[in-house]
Asks: 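Before we start, here is the structure in question, set down as structure tokens.
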There are 2 protein chains.
Amino acid sequence: MTEQGATSDHIADRIAEAIFEHRINPGTKLGEDEVGEIYGVSRTVVRAAMQKLAHRRLIDLRRNRGAFVAQPSMREAREVFEARALLEPRTARSAAERATSADLEALQRHIDDEHQALAAGDPGRALHLSGVFHIEIARIADQSTIAEFVEQLIARSSLIIALYWQRRAALCESHAHDAILRTFAERDGDRAEELMKSHLLDLVSSLGLRDAPPAPRTLREALR
Amino acid sequence: MTEQGATSDHIADRIAEAIFEHRINPGTKLGEDEVGEIYGVSRTVVRAAMQKLAHRRLIDLRRNRGAFVAQPSMREAREVFEARALLEPRTARSAAERATSADLEALQRHIDDEHQALAAGDPGRALHLSGVFHIEIARIADQSTIAEFVEQLIARSSLIIALYWQRRAALCESHAHDAILRTFAERDGDRAEELMKSHLLDLVSSLGLRDAPPAPRTLREALR
DNA sequence: GTGGACAAGATCGTATACAATCCTGTGTGC
DNA sequence: GCACACAGGATTGTATACGATCTTGTCCAC
């Protein structure tokens, strides 16, 4: 699978995807030669891609050691959701007040895709789409700086969810996104803010980050 | 001034400093060979530094064109302060509730330095220290993810202030930072949040970003 | 004189080569 | 048998060389 002439952006996106979908495990080393060979480019390009991923906090770059898929600690996970709690509710309010009918249709299509992916038994794709839904909202709010931060946080969230999700069962998407979309249709900024806030709280609690450490994962206590 | 063996982090920091202190004007081109010669490293290292700066939005990277010191539009400037308004007040509240006496002393020293820099007629340094004060608060709040975002926003703010500041006169630091520190000493989270919010609003209005465009700066209308 | 085409120079993008660093396995001394 | 030292291999860090792209200055046709 050696595709030629890939750009560093493309490679970074492909690797990010693979991380989200849990096809590469956290902690896995990404050797420069190895990745370069896969995409048919030299280490120069791979290094550029790695820098981008490191900036998104999806990989850890250790000098003279290499690149490793990030393993967010539980503390880090909590912090990411704290940041989302600060940014997203207010952003949802703005979005609700500004959304055009075209925006509403796009969001509806998005939700349909999510449900379809779930029904088709592709939870990886459903998870991905679920993240994009949040990013779309930030875009509708027309605040590109905030949208960029949200995008970064969603990316890290995807990794976190892949790591810490306990009960993969039900409540996956419940119907939180549907409810939020309804408030958009009604231009109800107050309620949009509220719903987003509780949606994020639900997410955190479904991850079990509030409880005692289920997987602190220092090597020492992971093995003995 | 060819210092040998500089690392890409060091180069990025030096250039960032120069941008903050307005020693390099927005729009200036940073040629790879040129920068490499200054620091005595090859283009490889310079490119890594450029990527870091581009990620912080301090420079624009244009393919096959080169790196240029960013010129934040007024809209971008507003967005940066919108993001700060979402993050910093709540962060100040947490910080106020958590600050130790050592934290308070460090902040006090910081403010003293600011005043001293102003008195010594070094507004560039004062501006820089003023930014670090905000970053310190985010650190005290013990939310490294948010602190990182704040740091990024402060960096962009420094550039924005250098670009848009109209009345360089008085009100520079007024005494907003002193007032905030007092609420910390009193562990008054509510008031800390309030003061930070109004401090940011003051900053925006002192920049005149709310008014009609003083400098939209398309080349067309800049010249004729 | 104006407009477009072309060519030369400069600058960036990528690949490759070499140096520095780190990991690991082996061997030796105690 | 254990600990330490050292050497080999592998991997990253950096420099340099070459190719691609853009800018710009010149020339010619109209």
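Sequence lines set the chain letters: A, B, ... in the order given, protein chains first and strands last, and positions in each chain run from 1.
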Asks: Can you tell me how the ring of B:Y39 sits relative to the ring of B:H10, calling it parallel under 30°, perpendicular over 60° and tilted otherwise?
Replies: perpendicular

Asks: Quick test: give all pairs of protein nitrogen or oxygen and nucleotides 13-15 of chain C nitrogen or oxygen below 3.5 Å, distance rounded to 0.1 Å.
Replies:
residue : atom : partner : partner atom : Å
C:dG13  : OP2  : B:R47   : NH1          : 2.3
C:dG13  : OP2  : B:R47   : NH2          : 2.8
C:dG13  : N7   : B:R43   : NH2          : 2.9
C:dG13  : O6   : B:R43   : NH1          : 3.2
C:dA15  : OP2  : A:S42   : N            : 2.9
C:dA15  : OP2  : A:S42   : OG           : 2.7
C:dA15  : N7   : A:T44   : OG1          : 2.7

Asks: Quick test of your reading of the model: are B:K29 and B:D60 salt-bridged, counting only N-O distances below 4.0 Å?
Replies: no

Asks: Please report the distance, rounded to the nearest Å, between CD in B:E34 and C1' in C:dC12.
Replies: 14 Å

Asks: Could you check whether B:H199 and B:H134 have their ring centres less than 6.0 Å apart?
Replies: yes

Asks: When you compare the side chains of B:T100 and B:D103, does any donor N or O come within less than 3.5 Å of an acceptor on the partner?
Replies: yes

Asks: Can you spot which of B:H110, B:Q116, B:Q108 makes a side chain to side chain contact (heavy atoms under 4.5 Å, CB included) with B:D112?
Replies: B:Q108

Asks: Could you state the atom-to-atom distance from CD of A:Q51 to P of D:dG13 in whole Å?
Replies: 10 Å

Asks: Calculate the interatomic distance between A:E37 atom CD and D:dT11 atom P; express it in whole Å.
Replies: 11 Å

